[in-house]
Amino acid sequence: MRAYVVEKETLQSNIRAILQRAGDVPVWAVLKGNGYGLGIVPFAKMLREQGVTRFCVTELREAKALRQAGFTEEAILMLQPTVEREVLEQLLDLHVICTVSSRDDAVVLNGIANEKDMVAEAHIKIDVGMGRYGFLPKEMDKILSIYEYMDGIAVSGIYTHFPMAFCSEKKTREQFEQFTYVLDQIAGRGFETGTPHCCNSAAFFRWKDMHLGGVRIGSAWLGRINVRGHNLRRVGYCVARVQEIHWVKRGGTTGYGGVWRAKKPTRLAAVPVGWYHGFGVEYGRDSFRFRDCVRGSLSLLKAFLQRKKLTVRIGDHRCPVRGHVGMLHCMVDVTDVDCHAGDPVLIDINPLVQKGMDVVFR
């Protein structure tokens, strides 16, 4: 038995705190990655109960899941641009707001809308430094052509994404200025920009003056955000049960490679949670500047010197994991713990990387 448990009250508390900070500014809830691992439909329902009616997705199947679950009136923004006709046709049938981030996908979307004798609602994506999708600020002619010539597209919003909001105010300020330059240029030509939004979770908490006409919140809902100045709590934990307990003699090993060797007779508990479920799996670092790499290396060296180990909680005890975490299991040192097969085990796992477990709301 294993499950990822989400405390409803903790999640609801985070939602209320975020909405309170946003005030009158509309909040777009980003639900990528199956609702950040919580399940896109149940998570969206909890958000809707708190008054959130705008959602962002990155996959066609996510938009379908929301519409089929009864989210028929809520706004859904597809963050992933595409030139695939079949996908765009289905998005339009679902009344999803599309993202236009290049001349190519704008032309394709406009053509499909004209063929369907309809107008496609879209947001324009501007690239101020992420380097993935979007018009560059210097490509004003291409951006303005959407407003001027593409009658099959109704621009209801324009947005960008800050790649360094968690670590560099200077750079983010420069990128914000690039974004507002685009807004000014569009307005200067007499066009309505649509609702501008640029703040991700990190920027949302750091700079209120950048909230503009809307904000996009993702990982902050789960209280897993690497910035200061918030009162959010981490959401979720894995619960499993001890499957078996046995003793390992001095010099005995456990796990592949035999990297851990018992210095004394040790009582080990087998727990059916491994790296496949997300235990011991770390998200890739978001920054790769030289100084960040140095800091990361020093952090790893410190952890090695201090022999920092993964732990799980059994009762009131923090129990260290012994040996490598396996695909489906890990072994836990319970030598000094009064526990038995069947006892519950609590494990901290980031929901963004968890899989192979049912999500339970309590």
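Looking only at side-chain heavy atoms (C-beta outward), Y159 and K125 come within less than 4.5 Å of each other. By the 4.5 Å heavy-atom criterion applied to side chains, F135 and V100 are counted as neighbours. When side chains are defined from C-beta on, F204 counts as touching I18, because their heavy atoms get closer than 4.5 Å. With contacts defined as side-chain heavy-atom distances shorter than 4.5 Å, the pair W221/L38 does not qualify. The shortest side-chain heavy-atom distance between W275 and H324 does not fall under the 4.5 Å cut-off. Between Y133 and T99, the closest side-chain pair of non-hydrogen atoms is not below 4.5 Å. With a 4.5 Å cut-off on side-chain heavy atoms, L11 and F361 count as touching. Side-chain atoms of Q185 and P137, non-hydrogen and from C-beta on, never get closer than 4.5 Å to each other.
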Listing, residues 337-349 side-chain donor-acceptor contacts under 3.5 Å, not counting sequence neighbours, or none:
from: D343; atom 1: OD2; to: H340; atom 2: N; distance (Å): 2.8
from: D348; atom 1: OD2; to: R234; atom 2: NH2; distance (Å): 3.2

Counting only pairs under 3.5 Å, give me each side-chain donor-acceptor contact of residues 82-90, with atom names and distances, residues two or more places apart or in other chains.
from: T82; atom 1: OG1; to: E84; atom 2: N; distance (Å): 3.0
from: R85; atom 1: NH2; to: E115; atom 2: OE1; distance (Å): 2.7
from: Q90; atom 1: OE1; to: K64; atom 2: NZ; distance (Å): 2.8

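Grouped with L268 in one hydrophobic cluster are V248, W260, M331, the linkage being side-chain heavy-atom contacts under 4.5 Å among Ile, Leu, Val, Met, Phe, Trp and Tyr residues.
Between F176 and F162, the ring planes lie perpendicular to each other; the angle is over 60°, past the 30° to 60° tilted range. Between H123 and W28, the two ring planes are perpendicular [angle over 60°; tilted spans 30° to 60°].
Interatomic distance, C167 SG to R206 CZ, rounded to the nearest 0.5 Å: 8.0 Å. Note: R61 CZ to L66 CG = 12.5 Å, rounded to the nearest 0.5 Å. The NE2 atom of H277 sits 5.5 Å away from atom CG of L328, with the distance rounded to the nearest 0.5 Å. One distance of note links CG of L183 with CD1 of I158; it measures 5.5 Å at 0.5 Å rounding. Considering CZ of R189 and CG of L144, their distance stands at 5.0 Å, rounded to 0.5 Å. For the atom pair NZ (K170) and CD (E174), the distance works out to 6.0 Å, reported to the nearest 0.5 Å.
Around the CZ atom of F191, the shell of radius 6.0 Å holds more than 12 heavy atoms that belong to other residues, nucleotides or ligands. Heavy atoms of other residues, nucleotides or ligands lying less than 6.0 angstrom from NZ of K116 number more than 12. Heavy-atom neighbours of R318 CZ from other residues, nucleotides or ligands within 6.0 Å: above the threshold of 12. No more than 12 heavy atoms of other residues, nucleotides or ligands sit less than 6.0 Å from atom NZ of K8. The environment of CD in Q243 is crowded: more than 12 heavy-atom neighbours from other residues, nucleotides or ligands sit within 6.0 Å.
The pair R173-D209 counts as a salt bridge, with a side-chain nitrogen and a carboxylate oxygen less than 4.0 angstrom apart. Salt-bridge check for R233 with E7: failed, with every basic side-chain N at 4.0 Å or more from each acidic carboxylate O.
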Kindly indicate, with the supporting measurements, whether the criterion side chain to side chain contact (heavy atoms under 4.5 Å, CB included) is fulfilled by V359 and F43. CA-CA 11 Å; V359 178; F43 188 16; over 6 Å; no
Would I217 and V52 count as a side chain to side chain contact (heavy atoms under 4.5 Å, CB included) here? Give the steps. CA-CA 11 Å; I217 305 299; V52 178; over 6 Å; no
Apply side chain to side chain contact (heavy atoms under 4.5 Å, CB included) to I112 and M118, showing your working. CA-CA 9 Å; I112 294 174; M118 64 182 296; over 6 Å; no
Passes side chain to side chain contact (heavy atoms under 4.5 Å, CB included), V6 versus L222? Steps please. CA-CA 10 Å; V6 178; L222 281 62; over 6 Å; no
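With R261 contributing its side chain and G251 its backbone, the two residues share a donor-acceptor pair below 3.5 Å. Side chain of D358 to backbone of A3: no donor-acceptor contact under 3.5 angstrom is found. In this structure, E121 contributes its side chain and S156 its backbone to no donor-acceptor pair below 3.5 Å. Looking at T335, its side chain never comes within 3.5 Å of a backbone N or O of T266 through a donor-acceptor pair. In terms of modelled atom types and a separation under 3.5 Å, the side chain of N110 and the main chain of A106 share no donor-acceptor contact. Although no hydrogens or angles enter the test, the distance criterion places no donor-acceptor pair under 3.5 Å between the side chain of R322 and the main chain of A262.
Closest heavy-atom contact between F205 and R21: O-NH2, 3.0 Å. The two residues L31 and A44 come nearest to each other via the heavy atoms CD1-CB, 3.9 Å. Across all non-hydrogen atoms, the minimal contact from V155 to Y147 is CG1-OH, 3.5 Å. Summarising the geometry of G323 relative to V259, their closest heavy-atom pair is CA-CG2, 4.4 Å, with the distance given to 0.1 Å. Here the shortest heavy-atom pairing between L232 and A17 reads CD2-CB, 3.9 Å. Summarising the geometry of C319 relative to V332, their closest heavy-atom pair is CB-CG1, 3.2 Å, with the distance given to 0.1 Å.
Hydrophobic cluster membership differs between V119 and L92, with clusters built from Ile, Leu, Val, Met, Phe, Trp and Tyr side chains linked at under 4.5 angstrom. In the hydrophobic clustering of this structure, M78 does not group with M130; members are Ile, Leu, Val, Met, Phe, Trp, Tyr whose side-chain heavy atoms approach within less than 4.5 Å, directly or through other members.
Counting only N and O atoms by type, the side chains of R103 and S145 include a donor and acceptor under 3.5 Å apart.
Taking the six-membered ring for Trp and the full ring otherwise, the centers of F71 and F55 sit less than 6.0 Å from each other.
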